[in-house]
Amino acid sequence: MKIATFNINGVRARIETLTGWLSQAQPDVVVLQEIKTQDEGFPREPISDLGYNIETHGQKGFNGVAILSKLPLEDVSRGLPGDDSDEQARWIEATVVGQRAIRIAGLYLPNGNPQPGPKFDYKLAWMERLHRRARALLDSEMPVLMLGDYNVILEPRDAAHPERWSDDALFQPESRAALRRIAFDGWADAVRLRDPDASRGPFTFWDYQAGAWQKDNGIRIDHILLSPQAADLMIDLGIDRDERAKDKPSDHVPVWVDLDA
DNA sequence: ATGGTTGTTGCACAA
């Protein structure tokens, strides 16, 4: 079962980018971030025409997440638990039943810039709620994938020029420590599971500005975390870097794992 | 050190 994460940066503006990649990559399950539309504006038909079931958790203008799946989606839940007053659409969960049941959690973690400030405070508070939910998912002892745009550069090797991110919310010690605390409970970072010793990269995001793609000035912020039961099933992993060179690209590229499930 | 881009929305802001 091939499961991917893709920050599409506006699903209506980039529907052809998305369907082109879906047709070529043939993932079984995809979590999308930054759909930037309410549920009723989501372009369902071109995606369902490719054989996908669709569950959305949208918001007007910003944020918004979704799950696409060729297999049935069960027990869908929307919104990160822990703060009923939080109206930002950044979290969706569902169970995919193939040979076995896999729990999928798709997330769009707050950017947090500028820091310091209220947006950074919201990011750190959101990460504390994420930690609680992540622990509960591990406690389920199911195979779980928690994947999406984490908006955290975990280590210096996750940026082409880490020193340029020193004042950015994505690379603050507090953001990095919060993600380490979550992962340390037992999650495997799929990219590092496969290649623990890379000295630089691989990257998943290149800014639209200042020729970042042409200079390979990227960062790795789109992560796939695997519960132990899911890590045992991992067969393959990939980052579809070539998508960044195509027409009308997102600033992020898809990251995927293939599971024996 | 600065400026560089894109989507959605409404004539700015978020990334």
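Fair warning: this is a prediction, and the values are worked out from it, not measured in the lab. Here is how names work: the chains are called A, B, and so on, in the same order as the sequence lines, proteins then strands, and each is numbered from 1.
- Classification of A:R90 and A:D149 as a salt-bridged pair fails, no side-chain N sitting under 4.0 Å from a carboxylate O.
- Rounded to whole Å, the separation between the C1' atoms of B:dC11 and B:dG7 comes to 15 Å.
- For A:P249 and A:G112, each mapped to the nucleotide of DNA chain B holding its nearest heavy atom, the one lying further toward the 5' end belongs to A:P249.
- In this structure, CG of A:D222 is placed 15 Å from P of B:dA15, rounded to the nearest angstrom.
- Around atom CZ of A:R200, more than 12 heavy atoms belonging to other residues, nucleotides or ligands sit under 6.0 Å away.
- Distance, A:N7 CG to B:dA14 P: 17 Å, rounded to whole Å.
- Of the candidate nucleotides B:dG3, B:dT8, B:dA15, B:dA15 has the atom lying nearest to any side-chain atom of A:K119.
- Side chain of A:Y208, nearest nucleotide from B:dG7, B:dT6, B:dA15: B:dT6.
- No option in A:D168, A:I219, A:N113, A:N111 other than A:N111 meets the side chain to side chain contact (heavy atoms under 4.5 Å, CB included) test with A:N151.
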With the criterion being N/O to N/O and under 3.5 Å, what pairs connect the protein with nucleotides 9-12 of chain B, and how long is each?
none

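- Residue A:Q33 forms a side chain to side chain donor-acceptor pair (under 3.5 Å) with just one option from A:T5, A:N9, A:N63, and that option is A:T5.
- The separation of B:dG4 from B:dT8, taken at their P atoms, amounts to 23 Å, rounded to a whole angstrom.
- Distance A:E163 CD to B:dA1 P: 12 Å, rounded to the nearest Å.
- Residue A:K215 is classed as having no contact, given no heavy-atom separation below 4.0 Å to the nucleic acid.
- What separates CG of A:D168 from C1' of B:dA14 is a distance of 13 Å, to the nearest Å.
- Distances were taken from every side-chain heavy atom of A:Q209 (C-beta onward) to each of B:dA15, B:dG4, B:dA14; the shortest belongs to B:dG4.
- More than 12 heavy atoms of other residues, nucleotides or ligands lie within 6.0 Å of CD in A:E174, so this atom counts as buried by the packing criterion.
- Note on A:F205: nothing from the nucleic acid sits closer than 4.0 angstrom, heavy atoms only.
- Here B:dG4 presents its P atom at 18 Å from CG of A:D251, a figure rounded to the nearest Å.
- For A:Q59 and B:dG7, the CD to C1' distance is 14 Å, given to the nearest whole Å.
- Under a cut-off of 6.0 angstrom, the local environment of CG in A:D83 is crowded, with over 12 non-hydrogen atoms contributed by other residues, nucleotides or ligands.
- With both ends at atom C1', the span from B:dA14 to B:dT9 equals 12 Å, rounded to whole Å.
- Each of A:A13 and A:Q88 was matched to the nucleotide of DNA chain B holding its nearest heavy atom; the match closer to the 5' end belongs to A:A13.
- The distance between atom CD of A:E34 and atom P of B:dT6, rounded to the nearest whole Å, is 15 Å.
- Rounded to a whole Å, the CG atom of A:N217 is 16 Å from the P atom of B:dG4.
- With B:dC13, B:dA15, B:dT6 as the choices, the nucleotide that has an atom nearest any side-chain atom of A:F62 turns out to be B:dC13.
- Shown are A:V65, A:I67, A:L18; of these, the side chain to side chain contact (heavy atoms under 4.5 Å, CB included) with A:L32 is made only by A:L18.
- Distances were taken from every side-chain heavy atom of A:R14 (C-beta onward) to each of B:dG4, B:dA15, B:dG7; the shortest belongs to B:dG7.
- Going from the P atom of B:dA1 to that of B:dA12 covers 30 Å, rounded to whole Å.
- With P as the reference atom, B:dT6 and B:dT2 are 23 Å apart, rounded to whole Å.
- At most 12 heavy atoms of other shown residues, nucleotides or ligands fall within 6.0 angstrom of atom CG in A:D247.
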